[in-house]
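Here is the structure we will look at.
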Amino acid sequence: MRKSWDQYFMELAKTVATRGTCDRAYVGCVIVNKDNRIVSTGYNGSVAGNPHCDDVGHHMRDGHCIATIHAEMNALLYCAKEGIPVKDCHCYVTHFPCLNCTKALIQAGISRIYYGSAYRIDDYAVELLNRNGIDFIEIPPEMD
């Protein structure tokens, strides 16, 4: 049976997550345009050209690894570097975005967020998404 677009992109996000270099959380993100074409992908990892957490350990501050760039940010930053527009695109991410990633996705013009795991959902992130009219839809594991 043919997968739905949502199932397909969420499965790809999970595959992208396997490239992650910070073992605190393997997160993958796929940004897709209105024509169901992949615009960008990203995973949790260190700044390009710098040592990976997998190799040298974590740089912890306030309970967070500060060496890691989140998957959503990596996907957005690639688009910024290459001049690829993301306005009105959809984001598929394996985990609900943190507050900073939520703010970046909103500011970049992402119009809908699909997530797989309701991991550490921040109340203010939800408030911002609602205030900005951005749908956020959970795709539970049994659906993908």
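Note that the numbering runs from 1 along the sequence shown for the chain. Note that the structure is a prediction, hence the values are computed from the model and not measured.
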How long is the gap from OH on Y115 to CD1 on I139, to the nearest 0.5 Å?
10.0 Å
Is R37 atom CZ crowded by more than 12 heavy atoms from other residues, nucleotides or ligands, each under 6.0 Å away?
no
Looking only at non-hydrogen atoms, find the nearest pair between V39 and C89 and report the distance.
CG2-SG, 4.0 Å
Distance-only, no hydrogens or angles: does the S46 side chain make a donor-acceptor pair with backbone N or O of P51 under 3.5 Å?
yes
Does one hydrophobic cluster hold both L76 and I69, with members joined at side-chain heavy-atom distances below 4.5 Å?
no
Donor-acceptor contact below 3.5 Å, side chain N132 vs main chain I134
no
Assess whether atom OH of Y26 is packed by more than 12 heavy atoms of other residues, nucleotides or ligands within 6.0 Å.
yes
When you group the ILVMFWY residues by side-chain heavy-atom contacts below 4.5 Å and let the links chain together, are I106 and L99 in the same group?
yes
Heavy-atom distance under 4.5 Å between the side chains of R131 and E127, does that happen here?
yes
Atom pair SG (C22) and NE2 (H64), whose distance is rounded to the nearest 0.5 Å:
12.0 Å
Can you tell me how far OH of Y114 sits from SG of C91, rounded to the nearest 0.5 angstrom?
11.0 Å
Neighbour count above 12 (heavy atom, 6.0 Å) for E82 CD:
yes
Using the rule given for side chain to side chain donor-acceptor pair (under 3.5 Å), can you reason through H58 versus D23, listing the C-alpha separation, both sets of side-chain angles and the distance that settles it, and then say yes or no?
CA-CA 9 Å; H58 303 286; D23 62 4; 2.8 Å; yes
Chi angles and distances behind the side chain to side chain contact (heavy atoms under 4.5 Å, CB included) call for H70, C98
CA-CA 9 Å; H70 289 186; C98 73; 3.4 Å; yes
Please round to the nearest 0.5 Å and tell me the distance separating atom CZ of R112 and atom NZ of K34.
14.5 Å
With a 3.5 Å distance limit and no angle check, can you tell me whether E11 reaches the backbone of Y8 through a side-chain donor-acceptor pair?
no
Please answer: with hydrophobic residues joined when any side-chain heavy atoms are less than 4.5 Å apart, are V32 and I84 in the same cluster?
no
Mind checking the NE2-CD1 spacing from H90 to I137? Nearest 0.5 Å is all I need.
8.0 Å
C53 and T68 have their tightest heavy-atom pair at SG-OG1, 3.7 Å
Among I38, T94, V93, which residue meets the side-chain contact (heavy atoms from CB on, under 4.5 Å) test with V30?
I38
With sequence neighbours excluded, what pairs up with Y119 under the ring pair (Phe, Tyr, Trp, His ring centres under 6.0 Å) test?
H95
I'd like to know if V27 and L129 are part of one continuous hydrophobic network [Ile/Leu/Val/Met/Phe/Trp/Tyr, side-chain heavy atoms within less than 4.5 Å].
yes
How far apart are the C-alpha atoms of L128 and K103, what are their side-chain angles, what is the distance that settles it, and do they pass the side chain to side chain contact (heavy atoms under 4.5 Å, CB included) test?
CA-CA 8 Å; L128 286 172; K103 292 187 290 187; 3.7 Å; yes
Determine whether a donor-acceptor pair (N or O, by modelled atom type, separation under 3.5 Å) exists between the side chain of N44 and the backbone of A71.
yes
If the condition is ring pair (Phe, Tyr, Trp, His ring centres under 6.0 Å), which residues does F9 pass it with, not counting sequence neighbours?
W5, Y92
Under the salt bridge (Lys or Arg N to Asp or Glu O under 4.0 Å) definition, can you give me all pairs with a residue in residues 62-73, not counting sequence neighbours?
none
Would the distance check show the side chain of N50 and the main-chain N or O of A48 forming a donor-acceptor pair, the cut-off being under 3.5 Å?
yes
Grab the two heavy atoms, one from G28 and one from A17, that are nearest each other, plus how far apart they are.
N-CB, 3.3 Å
Side chains of S40 and V86 in contact at under 4.5 Å (non-hydrogen atoms):
no
Any donor-acceptor N/O pair, T18 side chain to K14 backbone, under 3.5 Å
no
Contact between V126 and I121 at the side-chain level, heavy atoms closer than 4.5 Å - yes or no?
yes
Please determine whether residues I31 and L77 belong to a single hydrophobic cluster, defined as Ile, Leu, Val, Met, Phe, Trp and Tyr linked transitively by side-chain heavy-atom distances below 4.5 Å.
no
Non-hydrogen atoms of F96 and F136 that approach each other most closely
CE1-CD1, 3.8 Å
What one should report as the nearest heavy-atom pair of M73 and C101 is CG-SG, 3.7 Å
When rounded to the nearest 0.5 Å, the distance separating OG1 of T102 from CD1 of I113 is 5.5 Å
In short, G20 meets D54 closest at the heavy-atom pair O-OD2, 3.8 Å
